[in-house]
Protein chains: 2
Amino acid sequence: MTEATRRERLRVETERDIRRQARALLVEHGRDAVTLRAIAREVGITAPALYRYYDSREDLLRRLAEDVCTDLAAELDADLSRIDEDDVSAQVYAVCRGFRRWALAHPQEFTLVFASTEDTLGSCGPNGDRSQVGDQFGRVFLEVAGRLIASHPLPDDLGDDDVPEELHADLAAFQQILLATVNDRGVAVDGTVLPLGAVYHITQSWVRIYGHVALEVFGRFPFAVSNPEPMFDSMLAQILGEMGF
Amino acid sequence: MTEATRRERLRVETERDIRRQARALLVEHGRDAVTLRAIAREVGITAPALYRYYDSREDLLRRLAEDVCTDLAAELDADLSRIDEDDVSAQVYAVCRGFRRWALAHPQEFTLVFASTEDTLGSCGPNGDRSQVGDQFGRVFLEVAGRLIASHPLPDDLGDDDVPEELHADLAAFQQILLATVNDRGVAVDGTVLPLGAVYHITQSWVRIYGHVALEVFGRFPFAVSNPEPMFDSMLAQILGEMGF
DNA sequence: CAACTACGTAAACACCGTTCACTGACTCGT
DNA sequence: ACGAGTCAGTGAACGGTGTTTACGTAGTTG
């Protein structure tokens, strides 16, 4: 049956335990409380044993961040699956609201993944591959952005006119990624349906969505917002409106 | 001459020393490196002595955050003073660019002040007075927003139409603060010149500016942006354009 | 000059990350 | 089946941390 040896089975089980307890500490008491000794105490082993699984506390936190991303992506996927496949607008709403709700419900995890300097969290491989941490979440983001593009003729007013020249190269690279995502969904499109202006607009939308969520999580709005939800929704409506919805 | 007694003079000097060394540790090695013992070592005293000045490490970090805000505000004020008083557009550019430049140059300080959960940084007094930390910075933000309003007839397309009802009360409160700021500058205005739609737009502008800066500091753009500066400037141009500049 | 205030200290406690030598159970080739 | 090898886990140790406590002592004040 099980190919794995007993030792290997025990190892993966212990590792799962470690991650689960570390996650609980993060959620309940914040990053600083994610202590090797505290984790070990919860799991029922001693702190040095953790070095059989991770190079250091930082390494563990890095993996934890990846887990968080994976779970967030799964949650957003679940939200997405409950929406009519043809209603792209509702899909965007679902994912964005899901992201906001998740961030507010898990501020510590949000802070770890979305508000940590790169050198703190590392994740910068030798070949300069950035944002490994956000990979899973990036997948969902791309997924939705891809659906949005594939299933909707973009309005003409998203011309490439006011896109700064210096961004053309970067945006073109992102455009290729987006198009590849769309094509992976079985929809054949080319660059003509996704002008750089639209790519730029998607990026700007991420800036606004992230900005609102982070400001809300960190409580840094310029005035007390007693009910930020309609503000978020209204922003989403405006973003979608600018894309022709 | 000096009203203060010798002890008092020594005390303020020591406190200044503590803050300076703590600040240096924060800038150079990050929040976790701001250690009572490390500070004490640099200052030339022992760790428990710090408890004569602060209730705890958290308390010290809170005060440090206020210092950071004050310095940021001073820096932005300096930037502002170099701009033609009548050129509001240039003033907005100066402050926003200054904010971005400061954040990129001082990521640890930015993280402490603008990306810390409120319970981590506290600053929530008993009477629920939030965002004490950002007060000084908020002053500058309000200052510029006030100038922007006072010196420029806002376009009509910033109607209150698409402002969610639920936000009216909060926005009205912010509107009063903005108007008070403007009036403090000697310009008499009333609510007619600053519709809620404009207040809303100012808030949305903060969302975008903050979002961009934070994404850049934390490296969480959906793709590698080799040169984010034109992106930021183009965003500012769009924000100003929407306000009729 | 005596009484008092308060800054700073040393010692101690309970934590922390990390290293190291070591044990003992599991695995595998013969 | 058994010996050799692997490796998860341990306990002790080192140097670091925040914080409390009792205490000395310099500065202040009557």
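Just so it is clear, the model here is predicted, and its values are computed rather than measured. Sequence lines set the chain letters: A, B, ... in the order given, protein chains first and strands last, and positions in each chain run from 1.
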Test side chain to side chain donor-acceptor pair (under 3.5 Å), reference B:Tyr54, set B:Arg62, B:Glu15, B:Arg63, output is B:Glu15

**Asked** Strictly by modelled atom types, are B:Tyr51 and B:Ser56 linked by a side-chain donor-acceptor pair under 3.5 Å?
**Response** no

| message | Taking the nucleotide of DNA chain C with the nearest heavy atom to each, does A:Tyr51 or B:Leu50 sit closer to the 5' end? | response |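 Its nucleotide being nearer the 5' end, the pick is B:Leu50.
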
>> Tell me if the centroids of the rings in B:Phe99 and B:Phe114 come within less than 6.0 Å of each other.
In response: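 So the answer is yes for these two rings.
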
Note to self: Tell me if the aromatic rings of B:Phe141 and B:Trp206 count as close, with their centers under 6.0 Å from one another.
What the structure shows: yes

Hey, are [X] and [Y] close enough for a salt bridge, meaning a charged N less than 4.0 Å from a carboxylate O?
{"X": "A:Arg100", "Y": "A:Glu229", "result": "yes"}
{"X": "A:Asp79", "Y": "A:Arg97", "result": "no"}
{"X": "B:Glu109", "Y": "B:Arg23", "result": "yes"}

From the list B:Asp71, B:Leu76, B:Val113, side chain to side chain contact (heavy atoms under 4.5 Å, CB included) partner of B:Phe137 resolves to B:Leu76

Under 3.5 Å, N/O pairs linking protein and nucleotides 13-17 of chain D:
unit_1: D:dA13; atom_1: N6; unit_2: A:Arg37; atom_2: NH2; d: 3.3
unit_1: D:dT17; atom_1: OP1; unit_2: B:Arg41; atom_2: NH2; d: 3.2
unit_1: D:dT17; atom_1: OP2; unit_2: B:Arg41; atom_2: NH2; d: 2.7

Closest to the 5' end of DNA chain D, once B:Asp55 and A:Ile45 are matched to their nearest nucleotides, is A:Ile45

Q. What is the distance, rounded to the nearest whole Å, between atom CG of B:Asp32 and atom C1' of D:dG18?
A.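 Those two atoms, CG and C1', are 14 Å apart.
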
Notebook entry, point to check: When the distance from CD of A:Glu8 to P of D:dA8 is rounded to whole Å, what number comes out?
Noted result: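 Those two atoms, CD and P, are 10 Å apart.
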
Kindly give the atom pairs (protein nitrogen or oxygen, nucleotide nitrogen or oxygen) under 3.5 Å for nucleotides 1-3 of chain D.
none

Just the table, please: protein N/O against nucleotides 24-26 of chain C N/O, every pair under 3.5 Å.
unit_1: C:dC26; atom_1: OP1; unit_2: A:Arg6; atom_2: NE; d: 3.3
unit_1: C:dC26; atom_1: OP1; unit_2: A:Arg6; atom_2: NH2; d: 3.0
unit_1: C:dC26; atom_1: O2; unit_2: A:Arg7; atom_2: NH1; d: 3.3
unit_1: C:dC26; atom_1: O2; unit_2: A:Arg7; atom_2: NH2; d: 3.4

